[in-house]
Amino acid sequence: MVFGGFLKRLQSRRRRRIAAVRRISDLLNAMEQDAARPLLSPDLIVVDGAGRRIEGVDDFLKTDRNLRIAAGHVQVRIDDISVRDNEVFVSGTTDSESEEMSGQTFWRLTFDGEIVSEIHITRDPELMTVTRYHAMQRR
């Protein structure tokens, strides 16, 4: 019985984290970045495979919104989600009118309690990421 309660808590936490990731994706797709803020750490760190980073939720949400507008309202479709400890692994597809945006995307989100503290993005190096767009905008 002890293990049954433990497994139920783990499954509940797993379901909450999956729901949070889906909610973040849905809100960003709907251009409701401010509504995603409570699900993200104020000190959020977003990093891509090239080591480009965005630090802070405000900068991330602003850049995400600007990129989506510039690329014709990009939509991210989640294909698969798996949870391991404090991390959630997501594979999906980015749909856009822009060839530079469209394609596979993989995220690793790290949770600190109930909020996302880090997002690691892996994409084909030729494809745009929010972190790459951020670096381009800062030049």
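Quick note: numbers below take in every heavy atom, side chains included, and nothing from hydrogens, waters or symmetry partners. Model, not experiment: these values are computed from the prediction.
Note on Arg132 versus Glu100: salt bridge recorded, some NZ/NE/NH1/NH2 to OD/OE distance being below 4.0 Å. We find that Asp48 and Arg53 are not joined by a salt bridge, their nearest charged nitrogen and carboxylate oxygen being 4.0 Å or further apart.
Transitive grouping of hydrophobic side chains (ILVMFWY, heavy atoms separated by less than 4.5 Å) brings Phe111 and Ile18 into a common cluster. Trp107 and Leu39 fall within a single hydrophobic cluster, where Ile, Leu, Val, Met, Phe, Trp and Tyr are joined by side-chain heavy atoms under 4.5 Å apart, directly or via other members. Under the 4.5 Å side-chain heavy-atom criterion for grouping Ile, Leu, Val, Met, Phe, Trp and Tyr, Leu127 is not connected to Leu28 through any hydrophobic cluster. The cluster map of Ile, Leu, Val, Met, Phe, Trp and Tyr, joined by side-chain heavy atoms under 4.5 Å apart, puts Ile78 and Ile24 in the same cluster.
With rounding to the nearest 0.5 Å, the separation of CG in Asp79 from OG1 in Thr105 is 10.0 Å. Taken from CG in Asp85 to OG1 in Thr110, the straight-line distance is 11.0 Å, to the nearest 0.5 Å. Summarising the geometry, atom CE belonging to Met101 is positioned 5.5 Å from atom OG1 belonging to Thr94; distances are rounded to the nearest 0.5 Å. With rounding to the nearest 0.5 Å, the separation of CG in Asp59 from CD1 in Ile54 is 6.5 Å. A distance of 9.0 Å separates CD1 in Ile81 from CZ in Arg14, rounded to the nearest 0.5 Å. We find the CD-CG distance between Glu118 and Leu40 to be 12.5 Å, quoted to the nearest 0.5 Å.
Considering every non-hydrogen atom in both Ser102 and Arg123, the closest pair reads C-NH2, 3.9 Å. Nearest heavy-atom pair across Tyr133 and Asn66 is OH-O, 3.8 Å. Residue Ser41 comes nearest to Ile115 through the heavy atom pair CA-CD1, 3.6 Å, listed as atom of the first residue, atom of the second, then distance. The shortest non-hydrogen separation linking Arg65 to Met31 is NH1-O, 2.9 Å. When all heavy atoms are compared, the tightest approach of Val130 to Thr63 is O-CG2, 3.5 Å.
At a cut-off of 3.5 Å, with distance as the only test, a side-chain donor of Gln33 or Asp64 sits close to an acceptor on the other residue. Residues Ser96 and Ser98 bring no donor and acceptor atom of their side chains to less than 3.5 Å of each other. For the 3.5 Å distance criterion, the side chains of Asp112 and Ser117 fail to qualify, holding no donor opposite an acceptor.
Counting only residues at least two apart or on different chains, the side chain to side chain donor-acceptor pair (under 3.5 Å) pairs with a member in residues 19-31 are Asn29-Arg68.
Contact of the Arg37 side chain with the Leu61 side chain is registered, since non-hydrogen atoms from C-beta on lie closer than 4.5 Å. Inter-residue side-chain proximity for Val21 and Leu109 is flagged as met; some heavy-atom pair is nearer than 4.5 Å.
By the 6.0 Å contact criterion, CD on Glu87 is enclosed, its count of non-hydrogen atoms from other residues, nucleotides or ligands being greater than 12.
The hydrophobic cluster of Phe89 has no other members, since no ILVMFWY side-chain heavy atom comes under 4.5 Å of it. Summarising the hydrophobic clusters (Ile, Leu, Val, Met, Phe, Trp, Tyr; side-chain heavy atoms under 4.5 Å, direct or chained), the residues clustered with Ile45 are Val47.
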Inset, instruction - Given side chain to side chain contact (heavy atoms under 4.5 Å, CB included), test His134 with Arg52 step by step and report yes or no. - result: CA-CA 9 Å; His134 181 261; Arg52 292 177 290 249; over 6 Å; no
Inset, instruction - Decide side chain to side chain contact (heavy atoms under 4.5 Å, CB included) for Arg17 and Asn86; before the verdict, give the C-alpha distance in whole Å, the side-chain angles of both, and the deciding distance to 0.1 Å. - result: CA-CA 9 Å; Arg17 289 188 172 160; Asn86 290 334; 3.2 Å; yes
